[in-house]
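Structure, as structure tokens:
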There are 2 protein chains.
Amino acid sequence: MSEHIHGAFCCPDHSGQQGARTILSQAEARATRMGLRLTPVRLRTLELLIAAHGALGAYDVLEKLAAEGYGTQPPVAYRALNWLVEHGFAHRIRRLNAFTACAHPSDDHAAAFLICTGCDSVTEAPAGAVTAALTQAADSAGFSMDRATIEAVGQCRACQGANA
Amino acid sequence: MSEHIHGAFCCPDHSGQQGARTILSQAEARATRMGLRLTPVRLRTLELLIAAHGALGAYDVLEKLAAEGYGTQPPVAYRALNWLVEHGFAHRIRRLNAFTACAHPSDDHAAAFLICTGCDSVTEAPAGAVTAALTQAADSAGFSMDRATIEAVGQCRACQGANA
DNA sequence: CTATCATACGTTATATCATAACAGTCAAGG
DNA sequence: CCTTGACTGTTATGATATAACGTATGATAG
Ligand SMILES: [Zn+2]
Ligand SMILES: [Zn+2]
Ligand SMILES: [Zn+2]
Ligand SMILES: [Zn+2]
């Protein structure tokens with residue numbers, strides 16, 4: 001199928017060369033600091049996610065990697081993507097079966113994702129308060145929370161205007 | 001693959017015959033009230049979800065439906081499950097690629113799900129405060145939220161004790 | 001009554017997403 | 001050297017989900 005890029009119109013956070021470079025260098029800095037091996041495939045995968053300004057499916061990533069001389073089989077993409085997610089350089093968007101570059105890779109953080117049904121953009125929003133509320137709800141049930149998936153579906157600012 | 005039932009040890013909410021009957025009759029009452037057609041396949045699918053005391057994959061449901069003389073192909077299960085979700089009788093658990101009966105089908109509600117990594121149980125928790133916080137976060141980004149997926153991963157009360 | 005229409009149910013076929021298992025490469029350390 | 005562990009690549013398969021189409025059934029309009 002044709003490459004379904006989610007997020008052609010991205011949030012200001014990582015639009016433009018400036019934002020992209022900032023994110024990438026923050027990520028590289030943290031990798032160095034933590035002794036994490038941001039190998040060529042992993043780095044390139046991260047660059048692809050950043051350049052996409054939104055979420056990419058594993059097979060979208062694979063297609064690009066393959067075209068650039070990396071491996072051609074699914075595990076190549078899944079391994080790189082899962083490593084990026086595990087180490088906080090990317091996030092998995094479960095509703096879209098897709099992955100997106102972390103917009104704030106310099107710190108550990110809880111994130112929520114705002115998924116626009118109008119333009120398929122995915123925006124990473126700070127989720128401190130949401131996570132606190134969720135932790136509280138979990139505690140009430142005697143449940144000890146490790147991590148959470150928080151994804152909102154709706155319309156971004158631009159698409160609300162367009163439909164009005 | 002073997003039938004991976006998530007949630008052999010369920011929350012008190014819908015454990016036991018009593019809870020199951022309550023949920024089922026609440027669901028039937030609401031279907032009647034709203035003029036929704038809870039047809040045999042749909043009803044049976046809901047019963048299966050309730051009886052599972054946790055989340056079932058679509059193919060788990062399909063296997064049981066097929067064994068009882070209903071259709072044998074994936075769309076049969078997916079249609080019933082999607083209908084139940086659309087009308088608030090069930091929820092989709094994205095992290096597990098699975099579905100679970102709504103524990104409170106009598107009212108419209110925002111729910112969060114507590115997924116235990118120890119016993120694979122899935123508990124539906126009230127998420128009013130979480131949803132409010134998320135709506136607030138979305139608003140700050142100019143995003144108009146329609147609905148949300150909120151899933152926490154961690155350990156249920158029983159499994160915390162077991163590991164201690 | 002009977003034609004028409006909408007909804008639901010069933011099928012076949014295919015698309016999409018993800019992982020298991022194993023082989024080759026290469027750098028670090030003994 | 002030669003082992004070891006991390007990484008990359010492969011083949012093959014498994015798991016999840018939907019498109020497209022035909023049939024049955026029940027309601028409604030003529
Ligand atoms: Zn992030
Ligand atoms: Zn939009
Ligand atoms: Zn519910
Ligand atoms: Zn548990």
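So you know, we letter chains A, B, ... as the sequences are listed, proteins then strands, and number each from 1. This one's a predicted model, so the numbers in the text were calculated from it and none came from an experiment.
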Extract all donor-acceptor atom pairs below 3.5 Å that involve side chains of residues 27-34 of chain A and protein atoms in other chains or at least two apart in sequence.
unit_1, atom_1, unit_2, atom_2, d
A/R30, NE, A/P105, O, 2.4
A/R30, NH2, A/H87, O, 2.7
A/R30, NH2, A/G88, O, 3.4
A/T32, OG1, A/E28, O, 3.0

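- Remark: C1' of D/dT8 and CZ of A/R44 are 17 Å apart, rounded to the nearest angstrom.
- In terms of phosphate contacts, B/T72 brings a side-chain nitrogen or oxygen within less than 4.0 Å of OP1 or OP2 of C/dT11.
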Every protein N/O lying under 3.5 Å from an N/O of nucleotides 19-26 of chain C:
none

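- One can place CG of A/L96 at 15 Å from C1' of D/dA17, the figure rounded to the nearest angstrom.
- Across all strands shown, B/R42 has heavy atoms under 4.0 Å from sugar-phosphate atoms exclusively, and none from any base.
- Legend: residues meeting salt bridge (charged side-chain N to carboxylate O under 4.0 Å, His left out) with A/R44, ordered by chain and number and at least two apart, are A/E47, A/E68.
- Under 3.5 Å, the side chains of B/T149 and A/R95 contain a donor-acceptor pair of N or O atoms.
- One atom, CZ of B/R94, and another, P of C/dA18, lie 11 Å apart when rounded to the nearest Å.
- For A/P74, the side chain to side chain contact (heavy atoms under 4.5 Å, CB included) partners at least two apart in sequence or on another chain are A/Y59, A/L62, A/Y78.
- For B/A111, the side chain to side chain contact (heavy atoms under 4.5 Å, CB included) partners two or more places apart in sequence, or in a different chain, are B/H91, B/H109, B/F113, B/E124.
- Screening A/I50, A/L65, A/V76 for a side chain to side chain contact (heavy atoms under 4.5 Å, CB included) involving A/T45 leaves a single residue, A/L65.
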Quick test: give all pairs of protein nitrogen or oxygen and nucleotides 25-27 of chain D nitrogen or oxygen below 3.5 Å, distance rounded to 0.1 Å.
none

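- For the pair B/Y70 OH and C/dA8 P, the interatomic distance rounds to 16 Å; values are reported in whole Å.
- Nucleotide D/dT18 holds its P atom 11 Å from the CG atom of B/N97, rounded to whole Å.
- Contact between the side-chain N/O atoms of A/T39 and the OP1/OP2 oxygens of D/dA6 is not found at any separation under 4.0 Å.
- In terms of the side chain to side chain contact (heavy atoms under 4.5 Å, CB included) criterion, residue partners of B/A152 (sequence neighbours excluded) are, by chain and number, A/L134, A/F143, A/M145, B/L114.
- What separates CG of A/L62 from C1' of C/dA18 is a distance of 12 Å, to the nearest Å.
- When rounded to the nearest whole Å, the span between CG of B/L38 and C1' of C/dC9 equals 15 Å.
- Going from atom CZ of A/R95 over to atom P of C/dT16 covers 20 Å, rounded to whole Å.
- B/T72 meets the side-chain hydrogen bond (donor to acceptor under 3.5 Å, both in side chains) test with no other residue; sequence neighbours excluded.
- Residues forming a side chain to side chain contact (heavy atoms under 4.5 Å, CB included) with A/R37 (at least two apart in sequence, or on another chain): A/T39, A/R42.
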